[in-house]
Amino acid sequence: MQKIILLLALLTFNLSSSQIKKKQVLLIGTFHYANPGLDVAQLNSFSIMSEKSQKELEIMSDKIKKFGPDKIFVEWEFSKQTDLDKFYNKNTDSLFKNNKSEITQLALRTAKKLNHKKLYGMNLYTSFRYDSLMMAMEKANQKDLIQRNKVVTENFEKQHNEKIRKSSLQEMMLYYNTKQSENENIQWYLEVANRGGNPDDFTGASLVANWYKRNLYMYSLIQKLTESTDNKIMILVGAGHAALIREFISHDPAFELVDLATVLK
């Protein structure tokens, strides 16, 4: 009898879940247009202010407008939403001419075209002790892992910088939203960082755990701030974050992913 009751409960849950209208999510992973130089890999800057890139931004934002997100989430500190609101209400022309960030150039540009009242910050900073990881590797005499870290980082830098040299902005954006790019952005954490340290030293695993924690917190904010009246949302984050958020969404019955390539075609 208990097995029958459990089976009925599961069937009821599955039926109710399947009947929920999924909210469409346009998840956009990106490189940092302004390139603040805060990442482990040192990447060249893209000419985001060029006439060609600005035209591409107009076209991309027009196509995203056609998709019609009800909310746009950006990588801005959640605790500083008031600052984001003030930033959003500054003179738009001045921002486009002087601020290179993807938040301004793509998210704000799109939100203004949609007549949104605001952007939604959902970033939560957690500790990222790269220096501690390197010291733990040195202490454990992990010479091969240190060399592997150097190779992985240099390969990523070389690949990105080569794409900057050859690609348009839209081509760059489409690449950073492919499975290949997502795998590259997660690879370092599991191949290198998670192995760092002696068997009784979890410095590397702690760094990776903090990275996952940060992304889970960000996703929690997206879930909480998406209201029942929102049918579509857009999320603009660094490609590394997008790789994990995409995985979270794939297991969330309330959301369904919409590929950037589909929107920009």
What are the two closest heavy atoms between [X] and [Y], and how far apart are they?
X	Y	result
Met234	Ala107	CE-CA, 4.3 Å
Ile233	Pro69	C-CB, 3.9 Å
Gln105	Phe96	NE2-O, 3.0 Å
Asn177	Leu27	OD1-O, 3.5 Å
Asn123	Glu77	ND2-OE2, 2.7 Å

Checking side chain to side chain donor-acceptor pair (under 3.5 Å) for the pair Glu184/Gln180: CA distance, chi angles, key distance, verdict?
-> CA-CA 6 Å; Glu184 290 167 354; Gln180 178 184 346; 3.3 Å; yes
Excluding sequence neighbours, so at least two apart, what forms side chain to side chain donor-acceptor pair (under 3.5 Å) with [X]?
X	answer
Asp201	Thr203
Thr226	none
Asn98	Ser94
Asp259	none

Who passes ring-ring contact (aromatic ring centres under 6.0 Å, His included) against [X], sequence neighbours left out?
X	result
Tyr219	Phe248
Phe87	Trp76
Tyr120	Phe73
Trp211	Tyr189, His241

Give a yes or no answer on whether the side chain of Arg195 reaches the backbone of Glu191 with a donor-acceptor pair at less than 3.5 Å.
-> yes
Can you check whether Ile48's main-chain N or O pairs, donor with acceptor, with Gln54's side chain at less than 3.5 Å?
-> yes
Which is it for Gln159 and Asn155 under the side chain to side chain donor-acceptor pair (under 3.5 Å) test, yes or no, and what are the steps along the way?
-> CA-CA 6 Å; Gln159 184 181 56; Asn155 285 346; over 6 Å; no
Within 45 degrees of the axis of the six-membered ring of Tyr88 and under 6.0 Å from its centre: does Lys117 put its NZ or CZ there?
-> no
So is Lys163 actually on top of Tyr175's ring, under 6.0 Å and inside 45° of the axis?
-> yes
Please list, chain by chain and in numerical order, all residues satisfying salt bridge (charged side-chain N to carboxylate O under 4.0 Å, His left out) with Asp131, sequence neighbours excluded.
-> Arg129
Partner set under salt bridge (charged side-chain N to carboxylate O under 4.0 Å, His left out) for Lys55, not counting sequence neighbours | Glu51
With no hydrogens and no angle check, do the side chains of Ser53 and Ser50 hold a donor and an acceptor under 3.5 Å apart?
-> yes
Do Tyr130 and Asn149 have a side chain donor and acceptor closer than 3.5 Å?
-> yes
Excluding sequence neighbours, so at least two apart, what forms side chain to side chain contact (heavy atoms under 4.5 Å, CB included) with Glu247?
-> Ser250, His251
Step through the shown structure and confirm whether more than 12 heavy atoms of other residues, nucleotides or ligands are within 6.0 Å of NZ on Lys213.
-> no
Please check if atom CG in Asn183 has more than 12 non-hydrogen atoms from other residues, nucleotides or ligands closer than 6.0 Å.
-> yes
Contact between [X] and [Y] at the side-chain level, heavy atoms closer than 4.5 Å - yes or no?
X	Y	value
Met122	Gln223	no
His160	Tyr176	yes
Lys66	Val263	no
Thr30	Val237	no

For residues 222-240, pull every pair meeting salt bridge (charged side-chain N to carboxylate O under 4.0 Å, His left out), keeping only residues two or more places apart or in separate chains.
-> Lys71-Glu227, Lys71-Asp230
